[in-house]
Amino acid sequence: MQTVTGHLSYCTNIHPGETWPDHFAQLQQYIPAIKSAISPDQAFGIGLRLANTASLELSKEVNLLAFKHWLKEQDCYVFTMNGFPYGGFHHTVVKDQVHTPDWTTAERVEYTSRLFRILAALLPAGMEGGISTAPLSYKLWHDDLEAAMEDATLNMLQVLGQLVRIHRAGGPVMHLDIEPEPDGLMENIQEYIDWYFAYLMPLGINYLLDQFDMSEKEAGAAVKRHIQLCYDVCHFALVYESPAHVLGKLSEYGLKVGKLQISAALKAAMPEDLTERQSVAHAFSTFNEPTYLHQVIGRKAKGGFVHYPDLPQALEDVNNKEVVEWRSHFHVPVFLEHYELLFSTQSDIREVLELQREQLFTQHMEVETYTWGVLPAALKLPMDQSVSREVGWVMQQLGIQKKEV
């Protein structure tokens with residue numbers, strides 16, 4: 001839905017269904033009730049997630065036309081898509097395979113290009129669109145990180161060229177939104193900026209000058225227009241970077257946020273007393289499920305961090321008294337701040353939404369709590385109520401009343 005602070009929705013990666021018929025059935029089941037609760041009198045935006053198989057099926061004209069008809073009938077529209085997970089995302093072990101295939105492969109290029117063709121067909125006239133994607137690859141897979149960066153960036157340029165061609169032909173402005181996360185090739189804002197100016201900008205400008213009749217200044221502007229940041233609040237909280245810091249660095253370098261993913265991680269102080277530490281660790285262990293990666297970053301009292309690739313490795317190191325805080329990658333509901341002995345990074349969400357209210361830094365906002373299927377039962381409501389509660393809480397933080405939507 002379009003609000004005074006930009007388009008706001010939720011990501012449909014919370015709904016299972018790797019084929020289009022299965023995923024469409026989920027949308028038909030839940031979106032009407034969610035729209036009725038959140039945006040009864042205004043068009044409701046959808047943050048669409050399509051697995052590779054679903055994207056192949058929705059590319060067929062008959063399916064695309066049927067979906068467009070349904071969107072019009074329901075007074076809904078698609079303005080953003082999640083192109084990070086390529087394959088199965090529910091009822092299977094995802095873990096580090098969420099990065100597969102990565103940007104060093106042709107499969108990732110083909111999938112992302114297909115998503116942009118679909119998005120261009122779905123976008124309302126005059127509206128910009130964005131697709132979030134993986135931070136190139138998974139760091140632990142590579143011995144030569146520089147070679148992986150270059151290979152991935154060169155592949156990404158094919159999508160950059162596609163977006164420039166669409167825009168120059170009179171089509172919509174669309175951007176690929178890079179989503180840093182722990183153990184990705186980009187984990188924090190400085191790594192994103194370093195990549196942008198060491199790899200993307202020089203390679204991108206040369207590519208565009210070779211492909212199009214434009215000046216070097218125009219090519220640089222095209223790179224910044226079509227390759228932006230997906231600011232996942234959970235991910236940046238995990239690396240202990242505040243919204244003010246992240247947005248300040250982007251402003252310093254003239255870079256944009258294509259999408260704000262509103263999400264929360266788990267955190268807790270780690271007590272000095274070993275018995276108390278064990279109790280906190282046990283509380284974390286109740287979120288130790290086998291589907292998704294739950295990276296943990298521990299903050300040391302004397303400075304620096306300890307990185308654990310998944311929660312079990314952190315639990316094995318619970319008696320490490322150098323570490324005084326844990327933050328774990330588990331997208332918990334955004335409207336809750338306290339989980340018995342644990343807390344969420346909700347304060348980062350409140351801060352970033354206040355900054356959005358003060359001065360819009362993005363047109364696209366998307367709640368992304370995809371873990372409903374693996375959350376403890378006490379945290380769940382029926383899916384439509386869970387989503388409506390989350391989006392409603394975000395609206396409150398933005399100072400939006402339903403009549404203002």
Side-chain angles (χ1 to χ4, degrees), residues 11 13-14 47 49 80-87 89 94-104 108 112 130-142 145 148-149 152-153 156 176-196 227-243 245-246 249-250 255 257-267 287 289 291-299 305-311 313-314 326-332 334 344-345 348-349 352 366-371 374:
C11 182
N13 64 354
I14 72 170
R49 185 261 163 167
T80 185
M81 297 175 70
N82 187 335
F84 194 148
Y86 175 96
F89 200 59
V94 179
K95 294 295 183 182
D96 61 347
Q97 294 305 302
V98 71
H99 293 274
T100 302
D102 66 12
W103 275 100
T104 67
R108 175 61 67 170
T112 307
I131 297 177
S132 51
T133 191
L136 304 185
S137 188
Y138 186 58
K139 192 173 286 183
L140 303 185
W141 290 344
H142 301 280
L145 297 182
M149 283 270 195
T153 306
M156 190 175 284
L176 182 64
D177 303 328
I178 314 301
E179 183 179 340
E181 75 159 54
D183 293 331
L185 284 187
M186 288 172 270
E187 299 190 46
N188 54 53
I189 195 59
Q190 191 59 55
E191 288 183 352
Y192 173 77
I193 290 170
D194 290 346
W195 165 75
Y196 209 102
I227 308 291
Q228 301 188 22
L229 178 75
C230 174
Y231 183 174
D232 187 299
V233 184
C234 166
H235 296 174
F236 280 99
L238 286 167
V239 295
Y240 297 82
E241 293 191 337
S242 71
H245 171 74
V246 173
K249 294 291 286 186
L250 289 174
L255 300 179
V257 175
K259 173 160 66 175
L260 176 67
Q261 282 187 328
I262 301 164
S263 55
L266 284 171
K267 70 176 182 179
F287 291 86
E289 57 79 38
T291 302
Y292 305 108
L293 270 181
H294 300 299
Q295 306 96 314
V296 175
I297 299 183
R299 180 175 60 85
F305 303 95
V306 178
H307 291 245
Y308 305 98
D310 206 351
L311 185 52
Q313 288 80 24
W326 279 6
R327 297 190 177 188
S328 179
H329 186 197
F330 197 116
H331 285 222
V332 290
V334 300
S344 82
T345 56
D348 288 61
I349 298 175
V352 79
E366 176 185 73
V367 177
E368 200 210 14
T369 305
Y370 57 76
T371 52
V374 297

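These values consider heavy atoms only, across backbone and side chains, with no hydrogens, waters or symmetry-generated copies.
Smallest separation of non-hydrogen atoms from L140 and P309: CD1-CB, 3.9 Å. Minimum heavy-atom separation, S328 to L311: OG-CD1, 4.4 Å. Here the closest non-hydrogen pair linking L255 and Y196 is CD2-CE2, 3.6 Å. The minimum heavy-atom distance between I262 and V334, with the atom names listed, is O-CG1, 3.8 Å. Here the closest non-hydrogen pair linking S344 and V332 is CB-CG2, 3.9 Å. Pairing each heavy atom of N82 with each of C11, the nearest pair is ND2-SG, 3.5 Å.
Side-chain contact between L293 and Y138 is present, with at least one heavy-atom pair separated by less than 4.5 Å. Side-chain contact between H294 and F287 is absent, with no heavy atoms from C-beta onward closer than 4.5 Å. No side-chain heavy atom of I189 sits under 4.5 Å from any side-chain heavy atom of V239. Annotation: side chain of F236 is not in contact with side chain of D348 (no heavy-atom distance under 4.5 Å). Proximity of P180 to L229: side-chain heavy atoms (C-beta onward) are separated by under 4.5 Å at one or more points. Counting only heavy atoms from C-beta outward, the side chains of S132 and T80 never approach each other to under 4.5 Å. Counting heavy atoms from C-beta on, the side chains of R108 and D102 never come closer than 4.5 Å. By the 4.5 Å heavy-atom criterion applied to side chains, M156 and L136 are counted as neighbours.
Side-chain contact, S263 with Q261: no donor N or O sits under 3.5 Å from an acceptor N or O. A side-chain donor from one of W195 and T153 sits under 3.5 Å from a side-chain acceptor of the other. With no hydrogens or angles considered, a side-chain donor-acceptor pair links Q295 and E181 at under 3.5 Å.
Ion pairing between R49 and E366 fails under the 4.0 Å rule for side-chain N and carboxylate O. Using a 4.0 Å cut-off between a side-chain N of Lys or Arg and a carboxylate O of Asp or Glu, K139 and E187 qualify as a salt bridge.
In this structure, CG on L238 lies 12.0 Å from CG on N188, to the nearest 0.5 angstrom. D183 contributes atom CG, which lies 7.5 Å from atom CD1 of I297 (distance to the nearest 0.5 angstrom). One distance of note links CD1 of I14 with CD of E368; it measures 10.0 Å at 0.5 Å rounding. Interatomic distance, NE2 of H331 versus CG of L266, reported as 10.5 Å (0.5 Å rounding). Atoms CD and CG, from E179 and D232 in turn, are 4.5 Å apart once rounded to the nearest 0.5 Å. Taking CD1 from I178 and SG from C230, the interatomic distance works out to 9.0 Å, rounded to the nearest 0.5 Å.
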Derivation and outcome, side-chain contact (heavy atoms from CB on, under 4.5 Å), residues L250 and Y192: CA-CA 10 Å; L250 289 174; Y192 173 77; 4.0 Å; yes

How far apart are the C-alpha atoms of W141 and T104, what are their side-chain angles, what is the distance that settles it, and do they pass the side-chain contact (heavy atoms from CB on, under 4.5 Å) test? CA-CA 12 Å; W141 290 344; T104 67; over 6 Å; no

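Looking at R327, its side chain never comes within 3.5 Å of a backbone N or O of A265 through a donor-acceptor pair.
Taking the six-membered ring where tryptophan is involved, the planes of H329 and H235 are perpendicular, since the angle between them exceeds 60° and thus also 30°.
A ring-centre distance under 6.0 Å is found for F84 and H99.
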